[in-house]
Amino acid sequence: MMTVLHIAPNLRPGGTAAMAAELACELQQRGDCTNIVVSPACELVSRLRTAGVEHRLCRKVTPLNFISEFRKLRELINRAQPHIIQVYSPEAALLTSVACRRLLTKHRPMLVAAITAYPRPGIARYFWLKCDAFVTASQHLRQVLSNGLLKLRRKDLRRIPYGVNDKQCYPAFRISAERFNQWKNAHPESDSRLTLCLPGAISPLHGLEDLIPILTSLLHWGIPVHAYIAGDSRKADSSYTEELKRKFAAANLSEHISWIGARPDLRDVMCACDITLTLTREPATYNRPVLEALALGRPVVGYDHGVVGELLEAFLPEGRVAPGDAAAVADTISQWHTYRPATITELPLSYRLSSTAESLFSLYQQLSSPCKS
């Protein structure tokens with residue numbers, strides 16, 4: 001039986017922040033892997049315990065609490081004797097490497113780094129180098145790291161897609177009639193228009209300004225259209241949000257755009273809308289809403305760079321558009337308004353959470369010392 005310790009001081013619901021909990025639960029289901037998650041208290045802890053995953057509390061690592069957190073972690077490592085420790089932040093990598101420093105080589109667990117975002121500027125980025133192996137969720141991030149921070153560790157760097165739970169996101173999923181009617185009642189304008197869902201943060205990097213030429217072109221071509229911006233306006237810069245609204249008003253588009261906020265039912269919203277749209281200006285390292293939309297068999301149009309380009313290549317190549325080419329986005333949407341594209345009927349194996357766990361377990365076996373079997 002293999003024991004895996006997950007050190008996730010930033011664990012919380014949503015996106016890659018939830019990765020430690022999702023992977024631990026999926027690995028636990030295998031029956032040949034015992035998992036322990038070390039994280040602050042959050043809504044995911046009850047799910048961990050229901051799945052049989054042990055949870056231990058920790059605080060976010062800071063210079064002030066480093067020694068106390070290090071002592072607690074060292075005690076846990078001595079008790080649990082894990083084969084693998086997977087870390088989800090550079091600070092966790094440093095803390096874990098220090099906690100393991102005095103262990104004999106044959107008792108030292110192998111350290112795996114789950115890197116999901118561009119390394120932050122500053123000294124903390126180098127804490128990742130304390131690990132024995134490195135995993136990224138996208139080929140784009142793997143390439144960035146192999147050309148930069150991990151140039152000398154390329155052989156230890158792997159791309160393992162962070163898949164979706166295929167019990168929740170799958171092509172045959174359909175929004176219930178009750179939920180669909182609730183959506184229609186709350187948004188009556190959606191009944192007679194082509195609807196676009198734009199999930200993601202409200203920031204200059206997410207290209208919402210490109211909605212202006214896109215919607216203007218579609219309306220000029222006689223296509224009734226409405227866009228739903230599904231981002232948390234409370235976390236957005238208020239001056240930026242107000243400037244966006246002024247630009248939309250100046251282009252006479254305000255009545256064609258709804259700000260629906262961050263949604264716990266985003267899956268249903270994407271299913272209720274005709275097309276999911278992503279206009280990120282910079283290549284992203286991960287994009288859960290786009291992956292879920294594609295896994296649900298929904299049409300997605302996005303700029304062809306970063307992980308969005310990778311996902312579209314795997315699921316719906318005709319949804320790729322040259323970065324920044326808003327005219328091509330409008331043209332693609334116009335074509336799909338007439339002829340809906342053929343989307344997947346079966347979720348690709350490599351983008352299932354079970355496959356992510358399987359690939360990680362295979363890596364753990366390769367790294368784990370034979371004497372720990």
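The shown structure was predicted, so the numbers you read here are calculated from the model rather than taken from an experiment.
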Inset, instruction - Give me the ring orientation class for Phe248 and Trp259: parallel if the planes are under 30° apart, tilted from 30 to 60°, perpendicular past 60°. - result: tilted
Would a hydrophobic clustering, with Ile, Leu, Val, Met, Phe, Trp and Tyr connected at side-chain separations under 4.5 Å, put Tyr162 with Leu11? no
Linked, directly or transitively: Leu48 and Met19 (ILVMFWY side chains, under 4.5 Å):
no
d(Ile212 CD1, Ser217 OG) to nearest 0.5 Å is 11.5 Å
*Are Ile275 and Thr195 close enough that some pair of their side-chain heavy atoms sits under 4.5 Å apart?*
no
Quiz item: Quick check: does any side chain N or O of Asn287 sit under 3.5 Å from a backbone N or O of Thr285, one acting as donor and the other as acceptor?
Solution: no
Open item on the list: In terms of relative ring orientation, are His226 and His256 parallel, tilted or perpendicular, with 30° and 60° separating the classes?
Closed with: tilted
May I ask you to test the Ser355-Ser350 pair for a side-chain heavy-atom distance under 4.5 Å? no
Does Ser97 reach the main-chain N or O of Ala93 with its side chain, forming a donor-acceptor pair under 3.5 Å? yes
Closer than 3.5 angstrom, by distance alone: can the side chain of Arg71 be matched with the main-chain N or O of Ala99 as a donor-acceptor pair?
no
*Do Gln29 and Glu26 come within less than 4.5 Å of each other through their side chains, counting heavy atoms only?*
yes
Requested in this report: Check for a donor-acceptor pair, side chain of Thr356 on one end and backbone N or O of Pro161 on the other, with a separation under 3.5 Å.
Outcome: yes
Subject >> Donor + acceptor pair across side chains of Glu189, Tyr228 (<3.5 Å) >> reply: yes
| If you group Ile, Leu, Val, Met, Phe, Trp and Tyr by side-chain heavy-atom gaps below 4.5 Å, do Val269 and Leu198 land in one group? | no
Partner of Asp156 under side chain to side chain donor-acceptor pair (under 3.5 Å), picked from Arg158, Arg154, Arg153, is Arg153
**Item:** Expected output: side-chain Arg320 to main-chain Pro317 donor-acceptor under 3.5 Å
**Value:** yes
Inset, instruction - Indicate yes or no: at least one non-hydrogen side-chain atom of Val329 is less than 4.5 angstrom from one of Tyr303. - result: yes
Verify the distance criterion only: is there a donor paired with an acceptor across the side chains of Arg288 and Tyr286 at less than 3.5 Å? yes
- Task: Compute whether any side-chain donor of one residue and acceptor of the other, for His206 and Ser203, lie under 3.5 angstrom apart.
- Result: yes
* To do: Measure the shortest side-chain to side-chain distance between Lys245 and Ile257 over non-hydrogen atoms and say whether it is less than 4.5 angstrom.
  => no
Main-chain N/O of Gln139 paired with Glu310 side-chain donor or acceptor, under 3.5 Å: yes
Of Arg298, Lys184, Arg263, Arg179, the one forming a salt bridge (Lys or Arg N to Asp or Glu O under 4.0 Å) with Asp268 is Arg179
Tell me if a side-chain donor or acceptor on Thr3 pairs with a main-chain N or O of Pro82 at a distance below 3.5 Å.
no
All heavy atoms of Leu129 vs all of Leu149, minimum pair found to be CD2-O, 3.8 Å
* How are the rings of Phe173 and Tyr170 set to each other: parallel, tilted or perpendicular (split at 30° and 60°)? -> perpendicular
Fill in: Side-chain H-bond candidate by donor/acceptor type, Tyr88 with His6, under 3.5 Å
yes
Nearest heavy-atom contact between Ile84 and Met2 is CG1-SD, 4.3 Å
Item to complete: May I ask you to decide if Ala328's main-chain N or O and Asp325's side chain share a donor-acceptor pair within less than 3.5 Å?
Response: yes
Problem - Sidechain-backbone polar pair: Arg174 side chain, Pro171 backbone, donor-acceptor under 3.5 Å - result: yes
- Query: Is there a chain of hydrophobic side chains (I, L, V, M, F, W, Y, each step under 4.5 Å between heavy atoms) that links Leu194 to Met270?
  - Reply: no
- Query: Should Trp221 and His337 count as side-chain neighbours, where that means a heavy-atom distance under 4.5 Å?
  - Reply: no
Counting N and O atoms only, with roles assigned by atom type, does the side chain of Ser258 sit under 3.5 Å from a partner on the main chain of Ile260, one being a donor and the other an acceptor? no
